[in-house]
A.B. asks: 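For reference, the structure I am asking about is given below.
Whatever order the structure lists them in is the order used to number ligands and atoms, beginning at 1. Heads up: numbering here begins at 1 and tracks the sequence.
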Amino acid sequence: MKHLKTQVAIIGAGPSGLLLGQLLAKQGIDNIILERVTGDYVLGRIRAGILEQGFVDLVREAGVAQRMDTEGHVHDGFEIAVNGESTRIDLKQLTQGKTVVCYGQTEITRDLMEAREQADLQILYETSEVKLNEVKSDKPFITFEYQGETYRLDCDYIAGCDGFHGVSRKTIPEDKRTEHERVYPFGWLGLLSDTPPVSDELIYCKSERGFALASMRSETRSRYYLQVPLSDSTDDWSDDKFWDELKKRLPAEAAERLVTGPSIEKSIAPLRSFVCEPLQYGRLFLVGDAGHIVPPTGAKGLNLAASDVSTLYKILTRVYRDGDTDCIDQYSAIALRRIWHGERFSWWMSNMLHDYGSTAVSDMEAETFDRFMDSELDYYLHHEEGQKVIANQYVGMPYEELR
Ligand code: FAS
Ligand code: PHB
């Protein structure tokens, strides 16, 4: 068995693990990242596109913001279209100046990977059999397989940044964790194309035929989504079928402007609301999707991962810089307060914008539920106080400081 030692062991090289590793390294806190797949595989996942200001500030603090600041686009607002009638949510005006940045998760991940490599910081790709040991002790360690050898990694703390299907959350005994879950009766079919976006800002569409979202990655690369039944697969959706359906769900003037082209990526993501409580167990901390999942309707997934990273980064900096270990117990409560705000907003936006068809929702028929949601959306879109609620949640609730 080969032995390694570090201060903070990070499991997962998604945005959570990479951003945390970069921030800790800037404070001189030694860390090693273990990743199950290759770097190219991680980069091949097409996911989020909207960054809250808190995330942007964190990437700048990590010293990895150069490309984001030049290629990312500041968005002052977005549209919500209901059966073709558009309402613009003026983020900047409604939140006294706050905005979001449109810059793909893939690009952020690429920037963080390159920064880690340039700093010669350790990241082991294609590890397997990762097992967390003695996380309740003050000397936890991880065992894993790498390049045909068995390793033991001794550390002070473990950051479980290994996503929803990772090993970290399951390390917390079932009787010590509570899992809250809502699985939605539909999925999102996403398509990426090298075509100019249909609009300068995002358009969230509610239509009789179901939800659609027009987003982007640059002036020449678009990202679109359609609500589809969970029984669908990408084989059911040719590019032509996708474009035809998107046109039927977009507002008419946007549909006329739509430039179609070959898909460079197509995938279906299930929608789920999920929270694990607590987010820490001994010296193990769950970060990002390892601890929580939101339907992407509120653009919160990646942004909640960032606020977890921010809180854990502040705690570990205090531990190693000031020798203050009392603050460790604050992580879960602080992270969960902001997570639940993101969960509620994402659940609420999903309920208002999707068509539940014949799927009964809680104790009422879907049609009745849809009518309630239509009325709720109508009120929020056509009253400034309602638009302010949407705007303040969309730009993101403030990050909470440690006590
Ligand atoms: P990630 O899942 O990104 O990364 C976890 C990493 O851990 C992975 O690289 C994985 O390979 C690795 N890992 C897992 N098990 C391991 C093990 N045992 N050992 C070592 N490594 C292990 N959010 C939005 O805001 N907008 C969106 O539109 C959006 N779309 C999404 C679409 C899909 C299909 C998915 C799954 C998520 C989407 N999200 C979206 C949410 C997404 O962006 C996440 O919030 C974000 O990836 C969270 O980052 P991480 O916490 O790093 O988790
Ligand atoms: C995206 O661009 O992928 C995106 C943007 C906003 C969302 C979801 C996805 O709410």
Side-chain angles (χ1 to χ4, degrees), residues 9-21 33-52 55 73 75 78 80 100-106 108-109 112-113 123-132 142 144-146 159-171 187-192 197 201-204 211 213-218 221-225 265 267-272 274 286-309 339 342 345-346 349-350 353 394 396:
I10 297 174
I11 306 176
S16 294
L18 289 164
L19 183 54
L20 178 64
I33 297 180
L34 306 180
E35 169 52 58
R36 185 165 48 95
V37 296
T38 63
D40 287 343
Y41 189 92
V42 175
L43 291 171
R45 296 185 190 118
I46 306 304
R47 290 188 176 168
I50 293 294
L51 309 182
E52 294 173 353
F55 193 133
H73 285 82
H75 282 207
F78 66 93
I80 295 180
V100 293
V101 168
C102 188
Y103 185 65
Q105 171 173 329
T106 303
I108 282 279
T109 306
L112 286 163
M113 280 178 176
I123 182 167
L124 304 182
Y125 288 106
E126 298 185 279
T127 56
S128 61
E129 306 303 316
V130 168
K131 190 173 175 306
L132 286 64
I142 299 173
F144 61 95
E145 298 295 315
Y146 177 63
C161 303
D162 46 349
F164 184 66
H165 301 289
V167 65
S168 297
R169 185 175 69 252
K170 296 161 194 150
T171 301
W188 277 23
L189 167 63
L191 180 144
L192 193 68
E201 296 180 332
L202 272 62
I203 310 176
Y204 291 78
F211 171 83
L213 171 60
S215 183
M216 64 204 74
R217 292 292 179 270
S218 67
R221 179 164 284 194
S222 298
R223 178 70 169 165
Y224 294 107
Y225 295 95
E265 190 270 354
S267 54
I268 293 180
L271 269 61
R272 177 195 317 269
F274 175 88
L286 301 185
V287 182
D289 279 19
H292 46 84
I293 296 284
V294 285
T297 326
K300 289 295 152 222
L302 183 58
N303 291 300
L304 290 174
S307 45
D308 292 353
V309 166
I339 287 158
F345 177 66
S346 305
M349 288 280 277
S350 301
L353 295 175
Y394 196 84

A.B. asks: Which of the numbered atoms in ligand 2 are under 4.0 angstrom from any heavy atom belonging to W188?
C.D. replies: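 Contacts of ligand 2 toward W188, numbered from 1: 8 (C).
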A.B. asks: Any N/O of P296 closer than 3.5 Å to an N/O of ligand 2?
C.D. replies: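 So ligand 2 has an N or O lying under 3.5 Å from an N or O of P296.
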A.B. asks: Show your working on side-chain contact (heavy atoms from CB on, under 4.5 Å) between R47 and L302 and close with a plain yes or no.
C.D. replies: CA-CA 9 Å; R47 290 188 176 168; L302 183 58; over 6 Å; no
A.B. asks: Identify the protein heavy atom lying closest to atom 4 (O) of ligand 1, giving its residue, its atom name and the separation to 0.1 Å.
C.D. replies: G14 CA, 3.6 Å
A.B. asks: In the protein, which heavy atom is nearest to atom 15 (N) of ligand 1, and how far is it?
C.D. replies: R36 NE, 3.3 Å
A.B. asks: Looking only at protein heavy atoms, identify the closest one to atom 34 (C) of ligand 1 and say how far it is in Å.
C.D. replies: A269 CB, 3.5 Å
A.B. asks: Would you confirm whether T38, through its side chain, and E126, through its main-chain N or O, come within 3.5 Å as a donor-acceptor pair?
C.D. replies: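 The answer is no, because no donor-acceptor pair under 3.5 Å joins these two groups.
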A.B. asks: Considering A13, A48, G291, G39, which one's heavy-atom position lies nearest to atom 29 (C) of ligand 1?
C.D. replies: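 Shortest heavy-atom distance from atom 29 (C) of ligand 1: A48.
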A.B. asks: Among protein heavy atoms, which lies nearest atom 14 (C) of ligand 1, and at what distance?
C.D. replies: D162 O, 3.1 Å
A.B. asks: Taking distance alone, with no angle check, do P296 and ligand 1 share an N/O pair under 3.5 Å?
C.D. replies: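 Between P296 and ligand 1 (N or O atoms, distance only) the closest approach is not under 3.5 Å.
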A.B. asks: Check whether any N or O atom of S215, backbone or side chain, sits under 3.5 Å from an N or O atom of ligand 2, and answer yes or no.
C.D. replies: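 For ligand 2, there is an N or O atom that lies under 3.5 Å from one belonging to S215.
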A.B. asks: Which residue and atom name correspond to the protein heavy atom nearest atom 3 (O) of ligand 1, and how close is it?
C.D. replies: R47 NH1, 2.8 Å
A.B. asks: Do any heavy atoms of F78 fall under 4.0 Å from ligand 2?
C.D. replies: no
A.B. asks: Ignoring hydrogens, what is the shortest heavy-atom contact between N303 and E52? Give both atom names and the distance.
C.D. replies: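 The pair with the smallest heavy-atom distance is OD1-N, 2.8 Å.
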A.B. asks: Of the protein's non-hydrogen atoms, which lies at the shortest distance from atom 44 (C) of ligand 1, and what is that distance?
C.D. replies: D289 OD2, 3.2 Å
A.B. asks: Of all the atoms in ligand 2, which lie at a distance below 4.0 Å from a heavy atom belonging to R47?
C.D. replies: 3 (O)
A.B. asks: Just need the protein heavy atom nearest to atom 9 (C) of ligand 2, so name the residue and atom and give the distance.
C.D. replies: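 Residue, atom and distance for the closest contact: Y225 CE1, 3.6 Å.
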A.B. asks: Can you check side-chain contact (heavy atoms from CB on, under 4.5 Å) on V167 and F144, steps first, answer last?
C.D. replies: CA-CA 12 Å; V167 65; F144 61 95; over 6 Å; no
A.B. asks: Check ligand 1 against I11 and write out every atom of the ligand that is under 4.0 Å from a heavy-atom position of the residue.
C.D. replies: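 Close to I11: 19 (N), 20 (C).
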A.B. asks: Using distance alone, decide if ligand 2 has a nitrogen or oxygen within less than 3.5 Å of any nitrogen or oxygen in A299.
C.D. replies: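 Indeed, backbone or side chain, A299 has an N or O that close.
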A.B. asks: Within ligand 1, which atoms have a heavy atom of V130 less than 4.0 Å away?
C.D. replies: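 Once the distances to V130 are compared, the set is 19 (N).
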A.B. asks: Within the structure, does F164 bring an N/O atom to less than 3.5 angstrom of an N/O atom in ligand 1?
C.D. replies: no
A.B. asks: Taking N or O atoms only and a 3.5 Å limit, does S16 qualify as a polar contact for ligand 1?
C.D. replies: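 Yes.
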A.B. asks: From the options E52, E126, R45, select the one whose nearest heavy atom is closest to atom 10 (C) of ligand 1.
C.D. replies: R45
A.B. asks: Check whether any N or O atom of N303, backbone or side chain, sits under 3.5 Å from an N or O atom of ligand 1, and answer yes or no.
C.D. replies: no
A.B. asks: Given side-chain contact (heavy atoms from CB on, under 4.5 Å), test F78 with I50 step by step and report yes or no.
C.D. replies: CA-CA 11 Å; F78 66 93; I50 293 294; over 6 Å; no
A.B. asks: Tell me the nearest of Q105, M216, M349, R217 to atom 1 (C) of ligand 2, using heavy-atom distances.
C.D. replies: R217
A.B. asks: Give the residue, atom name and distance (to 0.1 Å) of the protein heavy atom nearest atom 6 (C) of ligand 2.
C.D. replies: Y204 OH, 3.3 Å
A.B. asks: Check ligand 1 against L34 and write out every atom of the ligand that is under 4.0 Å from a heavy-atom position of the residue.
C.D. replies: 20 (C), 21 (N)
A.B. asks: Using a strict 4.0 Å cut-off to heavy atoms of L202, name the atoms of ligand 2 that fall inside it.
C.D. replies: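 Atoms satisfying the 4.0 Å criterion: 5 (C), 6 (C).
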A.B. asks: Is it true that K300 lies under 4.0 Å from ligand 2, counting heavy atoms only?
C.D. replies: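 False for this residue.
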A.B. asks: Which atom pair, heavy atoms only, marks the closest approach of K170 to H165?
C.D. replies: NZ-O, 3.7 Å
A.B. asks: Which one of G163, P295, S128, P15 has a non-hydrogen atom at the shortest distance from atom 49 (O) of ligand 1?
C.D. replies: P15
A.B. asks: I need the nearest protein heavy-atom contact for atom 9 (O) of ligand 1: residue, atom name and distance, please.
C.D. replies: E35 OE1, 2.8 Å
A.B. asks: Ignoring hydrogens, what is the shortest heavy-atom contact between L304 and G342? Give both atom names and the distance.
C.D. replies: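 The pair with the smallest heavy-atom distance is CD1-CA, 4.1 Å.
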A.B. asks: Using a strict cut-off of 4.0 Å, indicate which atoms of ligand 2 neighbour a heavy atom of I50.
C.D. replies: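 What qualifies from ligand 2 is 5 (C), 6 (C).
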A.B. asks: What are the atoms of ligand 1, with element, lying closer than 4.0 Å to any heavy atom of V42?
C.D. replies: 9 (O)
A.B. asks: Please list, in number order, the atoms of ligand 2 under 4.0 Å from a heavy atom of T297.
C.D. replies: 10 (O)
A.B. asks: What are the two closest non-hydrogen atoms of H75 and C102, and how far apart are they?
C.D. replies: NE2-CB, 3.6 Å
A.B. asks: With heavy-atom distances below 4.0 Å as the criterion, list the atoms of ligand 1 near G288.
C.D. replies: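 Those qualifying, in numeric order: 51 (O).
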A.B. asks: Tell me, do T297 and W188 make a side-chain contact under 4.5 Å, heavy atoms counted?
C.D. replies: yes
A.B. asks: Ignoring hydrogens, what is the shortest heavy-atom contact between A159 and L20? Give both atom names and the distance.
C.D. replies: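 Minimum heavy-atom contact is CB-CD2, 3.5 Å.
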A.B. asks: Check each heavy atom of Y225 against ligand 1 and say whether those closer than 4.0 Å belong to the side chain, the backbone, both or neither.
C.D. replies: side chain
A.B. asks: Do R169 and F164 form a cation-pi contact, if we require the NZ or CZ to be under 6.0 Å from the six-membered ring centre and within 45 degrees of the ring's axis?
C.D. replies: yes
A.B. asks: Please report the closest heavy-atom contact between Y146 and T127, naming both atoms and the distance.
C.D. replies: CD1-CG2, 3.9 Å
A.B. asks: Once you restrict to heavy atoms under 4.0 Å, what part of I46 touches ligand 2? Side chain, backbone, both or neither.
C.D. replies: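 The answer is neither.
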A.B. asks: Within a distance under 4.0 Å of any heavy atom of G166, pick out the atoms of ligand 1 and give their elements.
C.D. replies: 15 (N)
A.B. asks: Tell me, do D308 and H292 make a side-chain contact under 4.5 Å, heavy atoms counted?
C.D. replies: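 A side-chain contact exists here, since the closest heavy-atom pair is under 4.5 Å.
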A.B. asks: In this structure, are over 12 heavy atoms from other groups packed under 6.0 Å from E129 atom CD?
C.D. replies: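 Check fails, neighbour count at 12 or below.
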A.B. asks: Could you walk me through whether L34 and D162 pass the side-chain contact (heavy atoms from CB on, under 4.5 Å) check?
C.D. replies: CA-CA 9 Å; L34 306 180; D162 46 349; over 6 Å; no
A.B. asks: Hey, does Y394 come in under 3.5 Å of ligand 2, counting only N/O atoms on both sides?
C.D. replies: no
A.B. asks: Counting only heavy atoms, which portion of Y224 has something under 4.0 Å from ligand 2: side chain, backbone, both, or neither?
C.D. replies: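 The answer is neither.
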A.B. asks: May I ask which of Q105, H165, E129, R223 has a heavy atom nearer to atom 46 (C) of ligand 1 than the others do?
C.D. replies: Q105
A.B. asks: Below 4.5 Å, heavy atoms only, C-beta onward: do M216 and L202 meet side chain to side chain?
C.D. replies: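 M216 reaches L202 side chain to side chain.
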A.B. asks: Could you tell me whether a side-chain N or O of K300 sits under 3.5 Å from a main-chain N or O of I293, the two making a donor and an acceptor?
C.D. replies: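 No; zero donor-acceptor contacts below 3.5 Å.
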A.B. asks: Could you tell me if the side chain of T106 sits less than 4.5 Å from the side chain of E265, heavy atoms only?
C.D. replies: no
A.B. asks: Closest non-hydrogen protein atom to atom 5 (C) of ligand 1, residue and atom name please, with distance?
C.D. replies: C161 O, 3.4 Å
A.B. asks: Measuring only between side-chain heavy atoms, which start at C-beta, is V42 closer than 4.5 Å to L18?
C.D. replies: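 Counting from C-beta outward, V42 and L18 never come under 4.5 Å.
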